[in-house]
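Take a look at the structure set out below.
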Amino acid sequence: MMSNSAKSIKSSSTKRDRKTVEKDRRNTLKILYSELNTLIPRDDASSPKYLQAIPDQIDDATNYIKQLKSNIENLKQTRDNILGVGRVSSSRTSYYSKNSPVQIEVRLNGSALLVTLITGLECQFVFTEAIRILHEENIEVVNANYCVTGNIVLHTIHAQIGEAVTTDTVARITQRLKKFEL
């Protein structure tokens, strides 16, 4: 049988161990919250993100993740609209035709120009011609990508327009690209 002093020593060491474990757990959570908080972009420079209470940090992280999910859904819908031949959005200059082996879309957003080409495997020369036309119009191509799905090739060209470029230039580019549609 244990004496009272032995029970007291064992009890206090167990309490100390629990306190230490709990303190370590809280410190670990604090570090993880801090890491999570650094991943959330901040637009408001007046409120330092490190001075927020932890529940506010978690709310911000949750809202940011929800916003990212919404952005993903919007991008998926945009992709589906681009691949869904025959659909035209009123906010875009679009030249889609179900009978055409080449579909072209030109969008202007501020100083960015996005050219989307949907071609068959046999009409990929249109991509090269689109790049040539953009260079002739003094448009700087920033990025160009393609994706092949079955017999369809989706080309996207991201370009930066200069200050001297007008909406007439964009209309001229669109008209020149439209000539490739059959």
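The figures here come from the full heavy-atom set of this structure, side chains too, leaving out hydrogens, waters and symmetry mates. Predicted model, so just to flag it, every value in this text is computed and none were measured.
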For Ile133 versus Arg176, what's the shortest heavy-atom pair and its separation?
CG1-NH2, 3.8 Å

How would you list, by chain and number, every residue that makes a side chain to side chain contact (heavy atoms under 4.5 Å, CB included) with Lys76, sequence neighbours excluded?
Ile72, Glu73, Arg79

Derivation and outcome, side chain to side chain contact (heavy atoms under 4.5 Å, CB included), residues Asn109 and Leu114
CA-CA 8 Å; Asn109 185 9; Leu114 175 65; over 6 Å; no

Does Ala171 have any side chain to side chain contact (heavy atoms under 4.5 Å, CB included) partners at least two apart in sequence or in another chain, and if so, which?
none

State the NZ-OG distance between Lys66 and Ser70, to the nearest 0.5 angstrom.
11.5 Å

Flag yes if Leu29 and Ile58 sit in one hydrophobic cluster, no otherwise; membership is Ile, Leu, Val, Met, Phe, Trp, Tyr, and two members link when side-chain heavy atoms are under 4.5 Å apart.
yes

Name all residues meeting the side chain to side chain contact (heavy atoms under 4.5 Å, CB included) criterion together with Lys23; count only those two or more places apart in sequence or in a different chain, and write none if there are none.
Arg26, Asn27

Could you pull out the closest heavy-atom pair between Glu137 and Thr169, with the gap in Å?
OE1-CG2, 3.6 Å

ILVMFWY cluster, Leu108 and Val106 together (side-chain gap under 4.5 Å):
yes

side-chain hydrogen bond (donor to acceptor under 3.5 Å, both in side chains) against Glu22, all qualifying residues, sequence neighbours excluded
Arg25

Report the distance from atom CD of Glu140 to atom CD1 of Ile161, rounding to the nearest 0.5 Å.
11.5 Å

Residue pairs meeting ring pair (Phe, Tyr, Trp, His ring centres under 6.0 Å), one or both in residues 113-155, sequence neighbours left out, come to Phe127-His155

Contacts of Ile31 meeting side chain to side chain contact (heavy atoms under 4.5 Å, CB included) (sequence neighbours excluded), chain-then-number -> Glu35

Do Tyr33 and Asn37 come within less than 4.5 Å of each other through their side chains, counting heavy atoms only?
no

Which pair of heavy atoms, one from Gly150 and one from Leu121, lies closest together, and at what distance?
O-CD1, 4.1 Å

Ignoring hydrogens and angles, tell me if any N or O in the side chain of Thr28 forms a donor-acceptor pair with the backbone of Asp24 under 3.5 Å.
yes

Could you state whether Leu68 and Leu75 fall into the same hydrophobic cluster, counting links through intermediate Ile, Leu, Val, Met, Phe, Trp or Tyr residues with side-chain heavy atoms under 4.5 angstrom apart?
no

Shortest non-hydrogen pair, Leu177 vs Ile104, comes out as O-CD1, 2.8 Å

Working to the nearest 0.5 Å, report the span between CD of Gln103 and CD1 of Ile118.
5.5 Å

Rounded to the nearest 0.5 Å, what separates atom CG in Leu39 from atom CG in Asp60?
12.5 Å

Residues, nucleotides or ligands: over 12 heavy atoms within 6.0 Å of Asn151 CG
no

Shared ILVMFWY cluster between Val126 and Val153, side chains joined below 4.5 angstrom?
no

Working to the nearest 0.5 Å, report the span between OG1 of Thr156 and CG of Asn143.
7.0 Å

Could you give the distance from CD1 (Ile131) to CD1 (Ile139), rounded to the nearest 0.5 Å?
11.5 Å

